[in-house]
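Since the model is a prediction, treat every value here as computed from it, not as a measurement.
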Amino acid sequence: MIPIFIASSLVNQDLSTQTSLQIIEQWILTKRFFMYDSKSMSAENSSSLIRRVTLMDFTIFLENSRDGKIGIPIVKVFYSTFQAIDVEAFQLPFSLKITYFQDPFRHDRDMEITIWVMTVFGVVWAAIRGYSWAKRSGKQLVDVNTLSQFFGFLCDSLGNIFLLVITAMACWLTFAYKSQTFVYYRLLMPSQESTMMIYIYVATILKSIAFIHNRLSLVKTKTFFIDWEKPKIVADLSKNQPTSRDLTKDRLIFPSVIWRTYLVANEWNELQNYRKTSVALQMVIMPFILEYLGWMNFAIIQPGFSAETPPEGFLTAKVTRWAVSMFIYLTIVFLQWAISVLVIERIIIDPFHNFIDLCSVANISVFSLTHSNHGYYIHGRSIHGRADTNMREMNEFLQRERDNMCGFRGLETNSELQTYSLNLPSAFGQKLDEIKKTASMPYNGLRAAGQDPATVKMSALSRTHEQMNAFLIEVIDRSANGIDYTYRDQAFIEALFDLELDETSQRGSFVRDPSETGFSVCFSYGHEWSAVSLEALLYCASYLFFDSCFTSMENRDFRLLFFYEFRLGHNALEATQNINQAFREGKAEVRVVQRWFKRFREGDEDLNDKEGLGRHLSVW
């Protein structure tokens, strides 16, 4: 026996009695009810009255188990009364409505618990990153700059947490709902979807702040190109006298050319925008898959997975659209990522190792500081001693390397390793600041007579460049006064948390980088997720907002035609024939037009879908 509420049938009872029967506890348990009654009622004119079921509303309570069992359902039966001679009454539709009810706040609790737990880890991770930044920057005390860095890292951590938790929840609910055999999972209510959208918007704002913070950090990176080329000294043959044995006399000194430095600097600059993924390719593939292939139909609220276009009237939800669009977006991103790293860079072209080879051929090393006392070093010192040579001699140099007839390119003895992570002592930063101050001294008032300010400034910068180059050569050769370092390997805990555990304020360390790609953090390449996550949020949030890659209004357009036919006084059959004749056969279905006409007759002229907890099944 199940509780059944018979509506519109107690015509002999007063309104208060009927109202009290709407309380579930006062319902009468019964096994039977009638579908059609033509015997018990009669009108004042002695004509027969007929009562007929027009709506049956089932409310099914889902249990928190996966065995397919349900709680006791509740049934509401609604009747319509009409005269027997009223033929039109037999054309009244019969509707069957099934509403599945489950604790709507179970997902809220799980999501809130997950977000709060992950937030604690996010704050700890942001604090670790802030501590690492302060140590690499030589900060002894917490200042405003340190707090701003911590805020940027915190925005990044929280944005990642909100993005991953909401996406994981949406994908789990959507795919579990569509693949379940027994009714256990349900989608979110509109209020819960609104909460989900708030998290998405907050995540987008946080990731935008984190992206700006990351790009400002890249802009502040200081890069120096160390030229190892020695000035070329040749005998002065312009004088008609024997060359002196004194090397300081009768000699011409030709400084090293700057073009090799320009070449390496240009290649370094081109690496700035190199990425693992292509945004343009992503923007082409996503609409093709979602719209042309119809994969967005996976978001339709119905059992099973199908890319076929469903009949008009099947609904989607924000959670399903977010799950499908974000899942496909991230899948394409990781496919691009894997192809770029595992295929293109290993088989076709590797821009970073090619750049290291260029540095070795050009006799140029790269010294890049991402923090005041931390950075990356590429050892490009030529093992042949010079690079200003002709093509024939350069080819001989390369052949000697191929045949192992010369030394190794690495910084350490008998080593091929050319890339290191730098942890520099505080004396290095002090000396660097002293050299940089000399660049502005002539420009501030000691301008040479007859020279314009641009020329004077460029001359000062040139002298500073020469001093900086000489100083960095002394640092690498370990001959700089008060600046020394050691070679070591990176510990696992350091690689895991991206920080240094040793004390380097007095003596620095060159940490070996066997991957030879550690310096990629100086570019966008080393911060791919920062850009990808923001792009995914912006794209999928826009897709969710506009409901389509192309903001399609096709369904709404046809519903407007339904309303137009209704206002003309046509019935559902005539409207269907008119629309199919104007467009194509099968574009409009009679039962769909009938349902919309029913809504229009009830005064509901809203052309948008009605999102609800249950699925409304109508039989016409």
Side-chain angles (χ1 to χ4, degrees), residues 118-161 206-224 367-377 419-437 472 475 480 482-513 518-524 526-527 529-530 533:
M118 296 296 294
T119 298
V120 173
F121 288 102
V123 173
V124 173
W125 176 244
I128 293 175
R129 295 178 66 184
Y131 168 77
S132 176
W133 180 90
K135 185 176 182 180
R136 291 174 175 178
S137 300
K139 302 289 185 179
Q140 301 296 329
L141 300 174
V142 177
D143 56 4
V144 176
N145 199 8
T146 304
L147 292 177
S148 64
Q149 294 294 326
F150 170 75
F151 177 74
F153 296 138
L154 183 61
C155 290
D156 185 51
S157 299
L158 296 181
N160 289 331
I161 290 171
L206 293 176
K207 291 300 296 183
S208 299
I209 297 174
F211 180 80
I212 296 174
H213 170 257
N214 177 261
R215 287 307 181 263
L216 289 177
S217 300
L218 293 179
V219 169
K220 294 180 180 179
T221 299
K222 303 173 184 178
T223 304
F224 307 94
F367 200 98
S368 184
L369 293 177
T370 56
H371 303 74
S372 300
N373 298 332
H374 178 80
Y376 298 88
Y377 175 67
T419 55
Y420 294 83
S421 174
L422 308 178
N423 301 305
L424 302 168
S426 56
F428 174 84
Q430 297 173 2
K431 181 63 176 178
L432 203 64
D433 293 337
E434 294 178 3
I435 296 176
K436 288 192 296 183
K437 289 180 181 179
L472 294 177
V475 171
I483 302 176
D484 195 12
Y485 60 89
T486 59
Y487 300 105
R488 68 176 181 88
D489 294 320
Q490 188 178 38
F492 173 77
I493 193 70
E494 293 179 325
L496 181 63
F497 292 103
D498 190 26
L499 55 79
E500 290 72 39
L501 300 179
D502 57 340
E503 177 59 42
T504 58
S505 59
Q506 301 299 324
R507 188 179 188 185
S509 63
F510 276 35
V511 183
R512 302 181 182 92
D513 176 27
F519 65 93
S520 63
V521 299
C522 300
F523 315 120
S524 300
H527 305 272
W529 176 250
S530 176
S533 57

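Remark: F510 CZ to S421 OG distance equals 9.5 Å, nearest 0.5 Å. Interatomic distance, L147 CG to L154 CG, rounded to the nearest 0.5 Å: 11.5 Å. Distance check, rounded to the nearest 0.5 Å: CG of L206 to SG of C155 gives 5.0 Å. Rounding to the nearest 0.5 Å gives a distance of 7.5 Å between CD1 of I493 and CG of L499. Atom-to-atom distance recorded for F428:CZ and T504:OG1 is 12.5 Å, nearest 0.5 angstrom. The distance from the CD atom of Q430 to the CG atom of N373 is 9.0 Å, given to the nearest 0.5 Å.
The shortest non-hydrogen separation linking D513 to F519 is OD2-N, 4.3 Å. For W125 against L496, the heavy-atom pair with the smallest separation is CH2-O, 4.0 Å. Contact record, S509 with D502: OG-OD2, 3.4 Å, taken as the closest heavy-atom pair. Contact record, G122 with I161: CA-CD1, 3.9 Å, taken as the closest heavy-atom pair. Of all the heavy atoms in V521 and L218, the pair that sits closest is O-CD2, 3.5 Å. Smallest separation of non-hydrogen atoms from G482 and A427: O-CB, 3.9 Å.
The residues R488 and E494 are annotated as salt-bridged, a charged nitrogen and a carboxylate oxygen being separated by less than 4.0 angstrom. Salt bridge status for E500 with K135: absent, with no side-chain N to carboxylate O gap under 4.0 Å. We find that D498 and R136 are joined by a salt bridge, their nearest charged nitrogen and carboxylate oxygen being less than 4.0 Å apart.
Of the possible donor and acceptor atoms, one in the side chain of S137 sits under 3.5 Å from a partner among the backbone N and O of W133.
In this structure H374 satisfies the ring pair (Phe, Tyr, Trp, His ring centres under 6.0 Å) test together with H371, Y376, sequence neighbours excluded.
Under the 4.5 Å side-chain criterion, counting only non-hydrogen atoms from C-beta, S217 is not in contact with H527. Counting heavy atoms from C-beta on, the side chains of Y420 and V511 never come closer than 4.5 Å. L432 is listed as a side-chain neighbour of L369, based on a closest heavy-atom distance under 4.5 Å. Proximity of K222 to K436: side-chain heavy atoms (C-beta onward) are separated by under 4.5 Å at one or more points.
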- Message: side chain to side chain donor-acceptor pair (under 3.5 Å) for D143 and T146? Distances and angles first, verdict last.
- Response: CA-CA 5 Å; D143 56 4; T146 304; 2.6 Å; yes
- Item | Worked verdict on L422 versus Y485 for side-chain contact (heavy atoms from CB on, under 4.5 Å) | CA-CA 9 Å; L422 308 178; Y485 60 89; over 6 Å; no
- Check step by step if ring pair (Phe, Tyr, Trp, His ring centres under 6.0 Å) holds for F153 and H213. CA-CA 8 Å; F153 296 138; H213 170 257; 5.1 Å; yes
- Query: Passes side-chain contact (heavy atoms from CB on, under 4.5 Å), C522 versus T370? Steps please.
  - Reply: CA-CA 7 Å; C522 300; T370 56; 3.8 Å; yes
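Using a 3.5 Å distance cut-off with no hydrogens or angles, the side chains of K207 and S533 do pair a donor with an acceptor. Between the side chains of S157 and N160, no donor-acceptor pair is found at a separation under 3.5 Å.
Applying the salt bridge (charged side-chain N to carboxylate O under 4.0 Å, His left out) definition to pairs two or more places apart or across chains, those involving residues 121-130 are R129-D156.
Aromatic rings of Y377 and Y487 (six-membered ring for Trp) have centroids beyond the 6.0 Å cut-off, not under it.
Other residues, nucleotides and ligands place no more than 12 heavy atoms under 6.0 Å from the CZ atom of F151.
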